[in-house]
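Here is the structure we will look at, set down as structure tokens.
No hydrogens, no waters, no symmetry mates; every other heavy atom, side chains included, goes into these values. A, B, ... follow the sequence lines: proteins, then strands. Residue 1 opens every chain.
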2 protein chains.
Amino acid sequence: MATGRTHRPATRSRGIPEATVARLPLYLRALTALSERSVPTVSSEELAAAAGVNSAKLRKDFSYLGSYGTRGVGYDVEYLVYQISRELGLTQDWPVVIVGIGNLGAALANYGGFASRGFRVAALIDADPAMAGKPVAGIAVQHTDELEHIIESNGVSIGVIATPAGAAQQVCDRLVAAGVTSILNFAPTVLTVPDGVDVRKVDLSIELQILAFHEQRKAGEETPEAGAPATSGRAAAVAAAAEAAAAADRKGPDGDVPAVMPA
Amino acid sequence: MATGRTHRPATRSRGIPEATVARLPLYLRALTALSERSVPTVSSEELAAAAGVNSAKLRKDFSYLGSYGTRGVGYDVEYLVYQISRELGLTQDWPVVIVGIGNLGAALANYGGFASRGFRVAALIDADPAMAGKPVAGIAVQHTDELEHIIESNGVSIGVIATPAGAAQQVCDRLVAAGVTSILNFAPTVLTVPDGVDVRKVDLSIELQILAFHEQRKAGEETPEAGAPATSGRAAAVAAAAEAAAAADRKGPDGDVPAVMPA
DNA sequence: GGCTGTGAAAGGCTTCACAGCT
DNA sequence: AGCTGTGAAGCCTTTCACAGCC
């Protein structure tokens, strides 16, 4: 999965399991589609199919929120939409900043799914002085120097990092120092944060690598089995690839010119 | 986790747990960085720190691959890089196609992390005739009509979907019919695929929603507890937000003009 | 009759702690 | 002495199956 936490190990908030929290947005999306089509109620079976999970899991998940269904009938769509939104904290407005306005940062700024669900892009920040003032997705890009000021004056608690890997930790430190307590990290680096700060990461290349693993397995289903370590020309075989990968990691989420330079 | 499987339930390939597979790319990245700095060996403790996991987990993970370490010493960096690369299937070349060249598709095409690890962008495909022939990341965009031909003549088995949600299932069906067996889906939809096809999804807005959940929890740590369902004006309160969210979902990963139209 | 809500069972993942090798 | 490899324990998640309510 494109995903994963970095912190907050045992603290299961208000008794809702982390696995359940991760599925609530899925249910919310499916319910929203039903709501749009003015469907008044839905059964666990139907909703589960729409969300791509099985119905027992869905019912168990909902049971952590409370008893919001009616036996023999199903769930009231509008009511559930509200309950899940409230549980996820989407009934309030969350200002977010996006740091690193390269290809990916721009795509994120343009991403409609943010703006809709209570996430308001409060600012776009980039280290390139040439970017400053340029409008991206209708918002003028601001320089990294303004970072602390932007965070504080907008009360931003969620930051998105879309810088090259080399700049990510420094940006992260500055965000945290300025008051950000949740970070969505697109840079291919492990971020170190103090206690109480949540980090989630999205790593595009990791997802592909996981697919490749399964793909390889499918292809090799008839061949007798790869066998023990083929210790032959291993070092040579991998040297070039390793170097290329390392170089790409240094460059960051966008494969081109760094959008944020180390301060 | 920006992430999640959709299929393949019990089939634990060659005995390597799914959770372990998901971490191998992380280890590989950390090892690649060490390899670059010509570090010859590394202990489980050091490597675990670099990858952001704990050392017991890392040792357990590696134990599924074989006994590649040396007691009292640690792991040979180059050797491990090779073993993990091989296990993930990265020693071979994987041609991938990206369908839907909007903001996000373009960002993906430019993403350096793909090209490096054995993933070669074989083609960029978009439904907009005006895009055809335009170069993105040095590759000329091709029209959707060519999809089947491209897949077959390049032997593509991995496809990336970055279209609006409304087009994703149709694109998926065509990819699968043409021979693709692994799909990375950025569109905010549940894809239905036949047995034997793997789907992984990356959903940008879901990650933010999960962060919002924890963020809300932090903020409300002193307040007495939200209490039972605030059944007051719920329907009205949520109607506008729900509509906005639904509209955004229809539009797709990029918040602007659809890049691929339903056929 | 139909569908939710949930104890209980099963399975998977993580952590512990130490035997075993260098 | 140091560090890996791994059984065993503990925890979390999923699935089952049915009691309980409409």
Spacing of [X] atom [atom1] relative to [N] atom [atom2], expressed in whole Å:
{"X": "A:R23", "N": "D:dT13", "atom1": "CZ", "atom2": "C1'", "value": "8 Å"}
{"X": "B:L58", "N": "C:dT14", "atom1": "CG", "atom2": "P", "value": "12 Å"}
{"X": "B:E18", "N": "C:dG11", "atom1": "CD", "atom2": "C1'", "value": "15 Å"}
{"X": "A:L24", "N": "D:dT13", "atom1": "CG", "atom2": "C1'", "value": "15 Å"}
{"X": "A:D76", "N": "D:dC22", "atom1": "CG", "atom2": "P", "value": "16 Å"}
{"X": "B:I16", "N": "C:dG12", "atom1": "CD1", "atom2": "P", "value": "15 Å"}

Could you work out, with side-chain hydrogen bond (donor to acceptor under 3.5 Å, both in side chains) as the rule, every residue matching [X], not counting sequence neighbours?
{"X": "A:S44", "value": "A:R59"}
{"X": "A:E215", "value": "A:K218, B:T181, B:S182"}
{"X": "B:N54", "value": "none"}
{"X": "B:D61", "value": "B:T20, B:R23, B:Y27"}

**Asked** Quick one: side chain to side chain contact (heavy atoms under 4.5 Å, CB included) partners of B:A49, sequence neighbours excluded?
**Response** none
**Fill in**
5' to 3', nucleotides 2-8 of chain D under a 4.0 Å protein heavy-atom cut-off (B base, S sugar-phosphate only, - none) gives BBBBBBB
**Asked** So, A:S43 side chain and A:E46 main chain: donor-acceptor pair closer than 3.5 Å or not?
**Response** yes
**Item:** Phosphate contact (D:dT15 OP1 or OP2) by A:N54 side-chain N/O below 4.0 Å
**Value:**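 Result: yes.
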